[in-house]
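I have placed the structure first, in the form of C-alpha coordinates, so that the comments after it can refer back to it.
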2 protein chains.
Amino acid sequence: MTDTRPPRADAVRNRAALLSAAADEFAERGMDASVADIARRAGVGKGTVFRHFPTKDDLIAAIVLDRVGELTTAGDRLRDAADPGGALLEFLTIAAQQRQQRDLSFLHVAGDTNAAVAEARDQMYRTVHDLVDRARTHGALRTDVTGTDVILLMCAPNYVASYAPGASPDLWRRYLGILFDGLRPQGAHPLPEPPPPAL
Amino acid sequence: MTDTRPPRADAVRNRAALLSAAADEFAERGMDASVADIARRAGVGKGTVFRHFPTKDDLIAAIVLDRVGELTTAGDRLRDAADPGGALLEFLTIAAQQRQQRDLSFLHVAGDTNAAVAEARDQMYRTVHDLVDRARTHGALRTDVTGTDVILLMCAPNYVASYAPGASPDLWRRYLGILFDGLRPQGAHPLPEPPPPAL
DNA sequence: CGATAAACGGACCGCGCGGTCAACTTGTAC
DNA sequence: GTACAAGTTGACCGCGCGGTCCGTTTATCG
(Lines give C-alpha, C1' and ligand atoms only; values in the text may rest on other atoms or scores of the structure.)
Protein backbone atom coordinates (compact mmCIF):
# COMPACT_ATOMS: atom_id res chain seq x y z
CA MET A 1 0.00 0.00 0.00
CA THR A 2 2.22 2.78 1.23
CA ASP A 3 5.16 0.92 -0.21
CA THR A 4 7.67 3.67 -0.93
CA ARG A 5 10.99 2.59 -2.32
CA PRO A 6 14.06 4.20 -0.80
CA PRO A 7 15.09 7.55 -2.28
CA ARG A 8 17.92 7.74 -4.77
CA ALA A 9 21.46 8.21 -3.55
CA ASP A 10 22.03 11.59 -5.20
CA ALA A 11 18.73 12.79 -3.77
CA VAL A 12 19.77 12.19 -0.18
CA ARG A 13 23.18 13.73 -0.92
CA ASN A 14 21.60 16.84 -2.38
CA ARG A 15 19.13 17.10 0.47
CA ALA A 16 21.95 17.05 3.00
CA ALA A 17 23.97 19.58 0.99
CA LEU A 18 20.92 21.82 0.81
CA LEU A 19 20.26 21.71 4.52
CA SER A 20 23.87 22.50 5.27
CA ALA A 21 24.08 25.31 2.73
CA ALA A 22 20.80 26.78 3.90
CA ALA A 23 21.90 26.71 7.52
CA ASP A 24 25.13 28.53 6.62
CA GLU A 25 23.34 31.05 4.44
CA PHE A 26 20.65 31.78 7.02
CA ALA A 27 23.29 32.11 9.71
CA GLU A 28 25.23 34.64 7.64
CA ARG A 29 22.52 36.68 5.96
CA GLY A 30 19.50 36.13 8.14
CA MET A 31 16.15 34.74 7.17
CA ASP A 32 15.88 36.69 3.92
CA ALA A 33 18.75 34.87 2.26
CA SER A 34 17.47 34.02 -1.20
CA VAL A 35 16.66 30.50 -2.30
CA ALA A 36 18.78 31.03 -5.42
CA ASP A 37 21.84 31.77 -3.29
CA ILE A 38 21.23 28.70 -1.18
CA ALA A 39 20.93 26.55 -4.31
CA ARG A 40 24.16 27.96 -5.72
CA ARG A 41 25.96 27.38 -2.44
CA ALA A 42 24.76 23.79 -2.38
CA GLY A 43 25.80 23.33 -6.00
CA VAL A 44 22.36 22.41 -7.27
CA GLY A 45 19.71 24.06 -9.40
CA LYS A 46 17.00 26.18 -7.93
CA GLY A 47 14.34 23.70 -8.95
CA THR A 48 15.99 21.03 -6.82
CA VAL A 49 15.45 23.11 -3.72
CA PHE A 50 11.73 23.20 -4.31
CA ARG A 51 11.65 19.50 -5.11
CA HIS A 52 12.92 18.73 -1.61
CA PHE A 53 11.15 21.58 0.16
CA PRO A 54 7.92 22.74 -1.50
CA THR A 55 8.30 26.17 0.05
CA LYS A 56 11.05 28.29 1.46
CA ASP A 57 9.17 28.12 4.75
CA ASP A 58 9.40 24.33 4.63
CA LEU A 59 13.16 24.59 4.27
CA ILE A 60 13.35 26.91 7.23
CA ALA A 61 11.07 24.59 9.15
CA ALA A 62 13.35 21.63 8.47
CA ILE A 63 16.36 23.48 9.87
CA VAL A 64 14.48 24.89 12.84
CA LEU A 65 13.10 21.46 13.63
CA ASP A 66 16.62 20.10 13.72
CA ARG A 67 17.98 22.83 15.95
CA VAL A 68 15.06 22.80 18.32
CA GLY A 69 15.34 19.04 18.60
CA GLU A 70 19.01 19.27 19.57
CA LEU A 71 18.11 21.90 22.11
CA THR A 72 15.37 19.83 23.67
CA THR A 73 17.70 16.84 23.86
CA ALA A 74 20.39 18.89 25.54
CA GLY A 75 17.85 20.38 27.92
CA ASP A 76 16.45 17.00 28.89
CA ARG A 77 19.94 15.72 29.55
CA LEU A 78 20.58 18.70 31.83
CA ARG A 79 17.38 18.26 33.79
CA ASP A 80 18.95 15.87 36.27
CA ALA A 81 22.15 17.83 36.78
CA ALA A 82 23.36 18.23 40.35
CA ASP A 83 23.60 22.01 39.95
CA PRO A 84 20.36 23.34 38.39
CA GLY A 85 21.73 26.87 38.14
CA GLY A 86 24.76 25.71 36.20
CA ALA A 87 22.52 23.49 34.11
CA LEU A 88 20.39 26.43 33.04
CA LEU A 89 23.47 28.47 32.19
CA GLU A 90 24.85 25.62 30.15
CA PHE A 91 21.55 25.24 28.35
CA LEU A 92 21.54 28.92 27.44
CA THR A 93 25.13 28.56 26.27
CA ILE A 94 24.22 25.69 23.98
CA ALA A 95 21.23 27.62 22.68
CA ALA A 96 23.36 30.63 21.82
CA GLN A 97 26.16 28.54 20.41
CA GLN A 98 24.05 26.88 17.75
CA ARG A 99 26.03 27.87 14.66
CA GLN A 100 26.20 31.37 16.11
CA GLN A 101 23.13 32.24 14.06
CA ARG A 102 22.05 35.83 14.07
CA ASP A 103 19.08 35.06 16.23
CA LEU A 104 16.58 32.38 16.99
CA SER A 105 13.72 34.70 16.34
CA PHE A 106 12.60 32.84 13.24
CA LEU A 107 11.63 30.11 15.64
CA HIS A 108 8.62 32.09 16.70
CA VAL A 109 7.90 32.96 13.09
CA ALA A 110 8.26 29.48 11.64
CA GLY A 111 6.06 27.97 14.33
CA ASP A 112 3.08 29.97 13.21
CA THR A 113 2.88 28.29 9.82
CA ASN A 114 4.10 24.78 10.50
CA ALA A 115 2.46 22.40 12.92
CA ALA A 116 5.51 20.16 13.37
CA VAL A 117 7.67 23.14 14.27
CA ALA A 118 5.04 24.40 16.67
CA GLU A 119 4.99 21.01 18.38
CA ALA A 120 8.80 20.81 18.67
CA ARG A 121 8.93 24.40 19.84
CA ASP A 122 6.35 23.78 22.56
CA GLN A 123 8.28 20.75 23.72
CA MET A 124 11.44 22.83 23.93
CA TYR A 125 9.53 25.52 25.80
CA ARG A 126 8.40 22.94 28.33
CA THR A 127 12.00 21.88 28.82
CA VAL A 128 13.02 25.47 29.46
CA HIS A 129 10.21 25.96 31.93
CA ASP A 130 11.37 22.87 33.70
CA LEU A 131 15.00 23.97 33.86
CA VAL A 132 13.94 27.38 35.10
CA ASP A 133 11.67 25.98 37.78
CA ARG A 134 14.42 23.71 39.06
CA ALA A 135 16.96 26.50 39.10
CA ARG A 136 14.56 28.78 40.94
CA THR A 137 13.64 26.15 43.50
CA HIS A 138 17.32 25.50 44.02
CA GLY A 139 17.85 29.16 44.81
CA ALA A 140 20.01 29.78 41.76
CA LEU A 141 17.50 32.09 40.11
CA ARG A 142 15.63 35.16 41.25
CA THR A 143 12.12 34.26 42.34
CA ASP A 144 10.27 36.74 40.16
CA VAL A 145 11.47 35.38 36.83
CA THR A 146 9.44 32.88 34.78
CA GLY A 147 10.24 30.30 32.15
CA THR A 148 8.64 32.55 29.56
CA ASP A 149 11.02 35.31 30.54
CA VAL A 150 13.98 33.06 29.92
CA ILE A 151 12.56 31.85 26.61
CA LEU A 152 12.32 35.44 25.45
CA LEU A 153 15.71 36.43 26.82
CA MET A 154 17.44 33.40 25.31
CA CYS A 155 17.89 35.08 21.97
CA ALA A 156 19.22 38.35 23.34
CA PRO A 157 22.97 37.64 23.65
CA ASN A 158 23.30 36.55 20.04
CA TYR A 159 21.16 39.40 18.84
CA VAL A 160 23.14 41.99 20.73
CA ALA A 161 26.52 40.60 19.75
CA SER A 162 25.57 40.51 16.07
CA TYR A 163 25.69 44.30 15.96
CA ALA A 164 29.32 44.56 17.01
CA PRO A 165 31.29 44.96 13.78
CA GLY A 166 34.77 43.56 14.29
CA ALA A 167 34.16 41.60 17.45
CA SER A 168 35.00 38.08 18.46
CA PRO A 169 32.49 35.47 17.32
CA ASP A 170 32.25 34.50 20.97
CA LEU A 171 31.12 37.93 22.10
CA TRP A 172 27.68 36.55 22.90
CA ARG A 173 29.29 34.78 25.87
CA ARG A 174 29.95 38.18 27.40
CA TYR A 175 26.36 39.27 27.16
CA LEU A 176 25.07 35.93 28.30
CA GLY A 177 27.24 36.46 31.36
CA ILE A 178 25.72 39.86 32.05
CA LEU A 179 22.22 38.58 31.41
CA PHE A 180 22.70 35.62 33.71
CA ASP A 181 23.99 37.87 36.47
CA GLY A 182 20.74 39.76 36.08
CA LEU A 183 18.84 36.51 36.58
CA ARG A 184 20.58 35.58 39.81
CA PRO A 185 18.79 36.11 43.13
CA GLN A 186 21.64 38.07 44.73
CA GLY A 187 20.92 41.76 44.72
CA ALA A 188 17.85 41.44 42.53
CA HIS A 189 15.70 44.57 42.47
CA PRO A 190 11.92 44.23 42.12
CA LEU A 191 10.77 44.31 38.51
CA PRO A 192 8.45 47.14 37.45
CA GLU A 193 6.31 45.02 35.12
CA PRO A 194 4.53 41.67 35.58
CA PRO A 195 5.64 38.69 33.49
CA PRO A 196 4.08 38.17 30.05
CA PRO A 197 1.46 35.46 29.43
CA ALA A 198 3.06 32.01 29.36
CA LEU A 199 4.43 30.75 26.06
CA MET B 1 22.60 84.35 -3.70
CA THR B 2 21.32 81.21 -2.12
CA ASP B 3 18.05 83.03 -1.57
CA THR B 4 15.53 80.24 -1.22
CA ARG B 5 11.98 81.28 -0.72
CA PRO B 6 10.08 79.55 2.06
CA PRO B 7 8.40 76.26 1.14
CA ARG B 8 4.71 76.13 0.45
CA ALA B 9 2.27 75.53 3.28
CA ASP B 10 0.95 72.19 2.00
CA ALA B 11 4.49 71.00 1.48
CA VAL B 12 5.45 71.42 5.11
CA ARG B 13 2.15 69.85 6.15
CA ASN B 14 2.76 66.83 3.94
CA ARG B 15 6.34 66.51 5.11
CA ALA B 16 5.21 66.40 8.74
CA ALA B 17 2.45 63.90 7.94
CA LEU B 18 4.96 61.74 6.12
CA LEU B 19 7.44 61.71 8.97
CA SER B 20 4.70 60.82 11.44
CA ALA B 21 3.21 58.12 9.23
CA ALA B 22 6.63 56.66 8.50
CA ALA B 23 7.54 56.57 12.16
CA ASP B 24 4.30 54.73 12.95
CA GLU B 25 4.70 52.33 10.08
CA PHE B 26 8.33 51.54 10.87
CA ALA B 27 7.43 51.05 14.53
CA GLU B 28 4.70 48.58 13.63
CA ARG B 29 6.16 46.65 10.72
CA GLY B 30 9.87 47.17 11.05
CA MET B 31 12.24 48.64 8.57
CA ASP B 32 10.82 46.84 5.55
CA ALA B 33 7.52 48.68 5.67
CA SER B 34 6.86 49.71 2.08
CA VAL B 35 7.01 53.27 0.87
CA ALA B 36 3.60 52.83 -0.73
CA ASP B 37 2.04 51.95 2.62
CA ILE B 38 3.65 54.94 4.27
CA ALA B 39 2.31 57.21 1.54
CA ARG B 40 -1.18 55.77 1.90
CA ARG B 41 -1.04 56.21 5.66
CA ALA B 42 0.02 59.82 5.26
CA GLY B 43 -2.75 60.41 2.72
CA VAL B 44 -0.43 61.42 -0.11
CA GLY B 45 0.75 59.92 -3.37
CA LYS B 46 3.84 57.80 -3.57
CA GLY B 47 5.61 60.38 -5.69
CA THR B 48 5.31 62.93 -2.90
CA VAL B 49 7.35 60.72 -0.62
CA PHE B 50 10.24 60.75 -3.03
CA ARG B 51 9.94 64.48 -3.59
CA HIS B 52 10.61 65.08 0.09
CA PHE B 53 13.04 62.19 0.59
CA PRO B 54 14.96 61.18 -2.53
CA THR B 55 15.41 57.69 -1.17
CA LYS B 56 13.77 55.41 1.35
CA ASP B 57 17.06 55.49 3.20
CA ASP B 58 16.83 59.28 3.40
CA LEU B 59 13.41 58.97 5.00
CA ILE B 60 14.76 56.51 7.53
CA ALA B 61 17.71 58.79 8.11
CA ALA B 62 15.42 61.75 8.84
CA ILE B 63 13.55 59.78 11.49
CA VAL B 64 16.67 58.28 13.01
CA LEU B 65 18.30 61.69 13.13
CA ASP B 66 15.33 63.00 15.07
CA ARG B 67 15.28 60.16 17.57
CA VAL B 68 19.01 60.13 18.08
CA GLY B 69 18.94 63.86 18.63
CA GLU B 70 16.30 63.55 21.35
CA LEU B 71 18.35 60.82 22.94
CA THR B 72 21.52 62.87 22.96
CA THR B 73 19.65 65.81 24.46
CA ALA B 74 18.20 63.66 27.19
CA GLY B 75 21.57 62.11 27.86
CA ASP B 76 23.31 65.44 28.11
CA ARG B 77 20.68 66.66 30.52
CA LEU B 78 21.27 63.58 32.68
CA ARG B 79 25.02 63.98 32.73
CA ASP B 80 24.98 66.22 35.77
CA ALA B 81 22.47 64.21 37.78
CA ALA B 82 23.26 63.64 41.43
CA ASP B 83 22.79 59.89 41.05
CA PRO B 84 24.77 58.68 37.99
CA GLY B 85 23.42 55.15 38.33
CA GLY B 86 19.83 56.33 38.27
CA ALA B 87 20.70 58.67 35.43
CA LEU B 88 21.95 55.80 33.29
CA LEU B 89 18.85 53.78 34.06
CA GLU B 90 16.65 56.71 33.13
CA PHE B 91 18.57 57.18 29.91
CA LEU B 92 18.07 53.54 28.97
CA THR B 93 14.39 53.91 29.84
CA ILE B 94 14.03 56.89 27.53
CA ALA B 95 15.90 55.05 24.79
CA ALA B 96 13.60 52.06 25.02
CA GLN B 97 10.51 54.19 25.34
CA GLN B 98 10.97 55.98 22.04
CA ARG B 99 7.67 55.07 20.38
CA GLN B 100 8.28 51.53 21.57
CA GLN B 101 9.80 50.78 18.19
CA ARG B 102 10.67 47.20 17.49
CA ASP B 103 14.35 47.94 17.86
CA LEU B 104 16.91 50.61 17.33
CA SER B 105 19.02 48.34 15.22
CA PHE B 106 18.43 50.35 12.07
CA LEU B 107 20.52 52.98 13.74
CA HIS B 108 23.63 50.97 13.05
CA VAL B 109 22.40 50.25 9.55
CA ALA B 110 21.38 53.78 8.61
CA GLY B 111 24.64 55.23 9.85
CA ASP B 112 26.62 53.32 7.28
CA THR B 113 25.07 55.14 4.35
CA ASN B 114 24.39 58.61 5.69
CA ALA B 115 27.08 60.92 7.03
CA ALA B 116 24.71 63.09 9.07
CA VAL B 117 23.28 60.05 10.83
CA ALA B 118 26.76 58.71 11.45
CA GLU B 119 27.71 62.02 13.06
CA ALA B 120 24.60 62.18 15.27
CA ARG B 121 25.04 58.54 16.19
CA ASP B 122 28.65 59.07 17.21
CA GLN B 123 27.63 62.03 19.33
CA MET B 124 24.99 59.91 21.04
CA TYR B 125 27.57 57.17 21.54
CA ARG B 126 29.87 59.64 23.25
CA THR B 127 27.04 60.63 25.57
CA VAL B 128 26.44 57.00 26.48
CA HIS B 129 30.13 56.45 27.11
CA ASP B 130 30.07 59.44 29.38
CA LEU B 131 27.03 58.30 31.33
CA VAL B 132 28.52 54.85 31.70
CA ASP B 133 31.87 56.16 32.88
CA ARG B 134 30.22 58.33 35.50
CA ALA B 135 28.01 55.51 36.73
CA ARG B 136 30.99 53.19 36.95
CA THR B 137 33.13 55.70 38.80
CA HIS B 138 30.25 56.29 41.16
CA GLY B 139 30.15 52.58 41.96
CA ALA B 140 26.73 52.07 40.43
CA LEU B 141 28.01 49.87 37.61
CA ARG B 142 30.18 46.78 37.50
CA THR B 143 33.75 47.68 36.66
CA ASP B 144 34.18 45.32 33.72
CA VAL B 145 31.45 46.81 31.56
CA THR B 146 32.18 49.41 28.88
CA GLY B 147 30.17 52.10 27.14
CA THR B 148 30.18 49.99 24.02
CA ASP B 149 28.61 47.14 25.95
CA VAL B 150 25.78 49.40 27.04
CA ILE B 151 25.32 50.75 23.51
CA LEU B 152 24.89 47.24 22.24
CA LEU B 153 22.67 46.14 25.11
CA MET B 154 20.44 49.23 24.85
CA CYS B 155 18.32 47.66 22.14
CA ALA B 156 17.86 44.32 23.85
CA PRO B 157 14.80 44.98 26.07
CA ASN B 158 12.68 46.22 23.20
CA TYR B 159 13.86 43.45 20.95
CA VAL B 160 13.11 40.74 23.47
CA ALA B 161 9.72 42.14 24.42
CA SER B 162 8.64 42.41 20.79
CA TYR B 163 8.44 38.63 20.59
CA ALA B 164 5.86 38.27 23.35
CA PRO B 165 2.50 38.01 21.56
CA GLY B 166 -0.20 39.34 23.86
CA ALA B 167 1.97 41.16 26.33
CA SER B 168 1.81 44.63 27.78
CA PRO B 169 3.42 47.31 25.62
CA ASP B 170 5.50 48.12 28.69
CA LEU B 171 7.01 44.66 28.93
CA TRP B 172 10.39 46.05 27.91
CA ARG B 173 10.55 47.66 31.35
CA ARG B 174 10.73 44.21 32.87
CA TYR B 175 13.68 43.17 30.75
CA LEU B 176 15.40 46.45 31.22
CA GLY B 177 15.10 45.78 34.95
CA ILE B 178 16.73 42.36 34.60
CA LEU B 179 19.42 43.72 32.31
CA PHE B 180 20.22 46.57 34.65
CA ASP B 181 20.50 44.19 37.58
CA GLY B 182 23.08 42.35 35.49
CA LEU B 183 24.99 45.60 35.08
CA ARG B 184 25.17 46.37 38.80
CA PRO B 185 28.39 45.72 40.68
CA GLN B 186 26.75 43.66 43.46
CA GLY B 187 27.32 39.98 42.90
CA ALA B 188 28.83 40.42 39.46
CA HIS B 189 30.60 37.33 38.18
CA PRO B 190 33.68 37.72 35.94
CA LEU B 191 32.82 37.82 32.27
CA PRO B 192 34.21 35.07 30.04
CA GLU B 193 34.90 37.30 27.05
CA PRO B 194 36.70 40.66 26.65
CA PRO B 195 34.72 43.72 25.56
CA PRO B 196 34.29 44.40 21.85
CA PRO B 197 36.25 47.17 20.08
CA ALA B 198 34.89 50.61 20.98
CA LEU B 199 32.01 52.00 18.94
C1' DC C 1 22.72 -3.64 -21.01
C1' DG C 2 18.45 -1.20 -21.73
C1' DA C 3 14.06 0.53 -19.66
C1' DT C 4 11.91 3.46 -16.54
C1' DA C 5 10.78 6.46 -13.09
C1' DA C 6 12.97 9.51 -10.06
C1' DA C 7 15.65 13.48 -9.76
C1' DC C 8 17.59 17.50 -11.81
C1' DG C 9 18.15 22.27 -13.83
C1' DG C 10 17.25 26.62 -15.47
C1' DA C 11 14.17 29.34 -18.35
C1' DC C 12 10.10 31.31 -17.08
C1' DC C 13 6.02 33.63 -14.43
C1' DG C 14 3.67 36.94 -11.36
C1' DC C 15 4.32 39.97 -7.80
C1' DG C 16 5.69 43.76 -4.98
C1' DC C 17 9.37 46.52 -4.17
C1' DG C 18 12.15 51.21 -4.62
C1' DG C 19 12.40 54.71 -7.70
C1' DT C 20 11.14 57.91 -12.12
C1' DC C 21 8.46 61.01 -14.85
C1' DA C 22 5.40 63.97 -17.33
C1' DA C 23 0.87 65.69 -16.94
C1' DC C 24 -1.81 68.04 -13.74
C1' DT C 25 -3.17 70.93 -9.51
C1' DT C 26 -2.49 74.54 -6.20
C1' DG C 27 -0.42 77.94 -3.04
C1' DT C 28 1.53 82.41 -3.57
C1' DA C 29 2.96 87.12 -5.11
C1' DC C 30 1.73 91.06 -7.63
C1' DG D 1 -7.64 87.71 -10.97
C1' DT D 2 -3.89 85.94 -13.12
C1' DA D 3 0.56 83.92 -13.96
C1' DC D 4 3.92 80.87 -12.60
C1' DA D 5 6.73 78.12 -9.97
C1' DA D 6 6.32 74.76 -6.48
C1' DG D 7 4.06 70.71 -5.35
C1' DT D 8 1.36 66.54 -6.28
C1' DT D 9 0.06 62.34 -8.47
C1' DG D 10 -0.40 57.66 -10.24
C1' DA D 11 1.00 55.18 -14.17
C1' DC D 12 5.17 53.18 -15.25
C1' DC D 13 10.06 50.88 -15.13
C1' DG D 14 13.59 47.46 -13.80
C1' DC D 15 14.78 44.26 -10.55
C1' DG D 16 14.98 40.31 -7.59
C1' DC D 17 12.22 37.49 -5.14
C1' DG D 18 9.49 32.82 -4.33
C1' DG D 19 7.60 29.42 -6.98
C1' DT D 20 6.42 26.54 -11.53
C1' DC D 21 7.30 23.55 -15.37
C1' DC D 22 9.01 20.66 -18.68
C1' DG D 23 12.90 18.83 -21.35
C1' DT D 24 16.97 16.41 -19.90
C1' DT D 25 19.97 13.52 -17.08
C1' DT D 26 20.84 9.63 -14.14
C1' DA D 27 20.46 6.09 -10.40
C1' DT D 28 18.42 1.79 -10.09
C1' DC D 29 16.92 -2.84 -11.23
C1' DG D 30 15.73 -6.97 -14.00
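Here the structure is a predicted model, which means the values were calculated and not measured. Below, chains carry the letters A, B, ... as their sequence lines are ordered, and counting in each starts from 1.
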*Just wondering, do A:Asp149 and A:Pro196 contact through their side chains at under 4.5 Å, heavy atoms?*
yes

*Pick the nucleotide of DNA chain C nearest each of B:Pro7 and A:Arg15; which residue has the one closer to the 5' end?*
A:Arg15

*Comparing B:Arg8 and B:Thr55 on DNA chain C - which has the more 5′ nearest nucleotide*: B:Thr55

Whole angstrom is fine here: how far is it from [atom1] in [X] over to [atom2] in [N]?
| X | N | atom1 | atom2 | result |
| --- | --- | --- | --- | --- |
| B:Phe53 | C:dG19 | CZ | P | 13 Å |
| A:Arg40 | C:dG9 | CZ | C1' | 13 Å |
| A:Asp10 | C:dC8 | CG | C1' | 8 Å |
| A:Arg51 | C:dC8 | CZ | P | 7 Å |

*asked:* Just by distance, no angles: are the side chains of B:Asp76 and B:Thr73 close enough, under 3.5 Å, to form a donor-acceptor pair?
replied: no

[Y]/[X] salt bridge by N-O under 4.0 Å criterion:
| X | Y | result |
| --- | --- | --- |
| B:Arg41 | B:Glu28 | yes |
| A:Arg13 | A:Asp10 | no |
| B:Arg142 | A:Asp181 | yes |
| A:Arg126 | A:Asp122 | no |

*Extract, from 5' to 3' on DNA chain D, the first and final nucleotides lying under 4.0 angstrom from some heavy atom of chain A.*
D:dC17 to D:dT28

*How large an angle, rounded to 10°, do the end axes of the helix from C:dC1-D:dG30 to C:dC30-D:dG1 enclose when each is built from five base pairs?*
10°

Assign [X] to base, sugar-phosphate, or nothing according to its heavy-atom contacts below 4.0 angstrom with the strands shown.
| X | value |
| --- | --- |
| A:Asp32 | nothing |
| A:Ser34 | sugar-phosphate |
| B:Lys46 | base |
| B:Ala39 | nothing |

Tell me the closest heavy-atom pair linking [X] and [Y], and the distance in Å.
| X | Y | answer |
| --- | --- | --- |
| B:Tyr175 | B:Val160 | CD1-CG1, 3.9 Å |
| B:Asp144 | A:Arg174 | O-NH2, 2.6 Å |
| A:Met154 | A:Ala95 | CE-CB, 3.6 Å |

*asked:* Just N and O in the side chain of A:His52: are any of them under 4.0 Å from OP1 or OP2 of C:dC8?
replied: yes

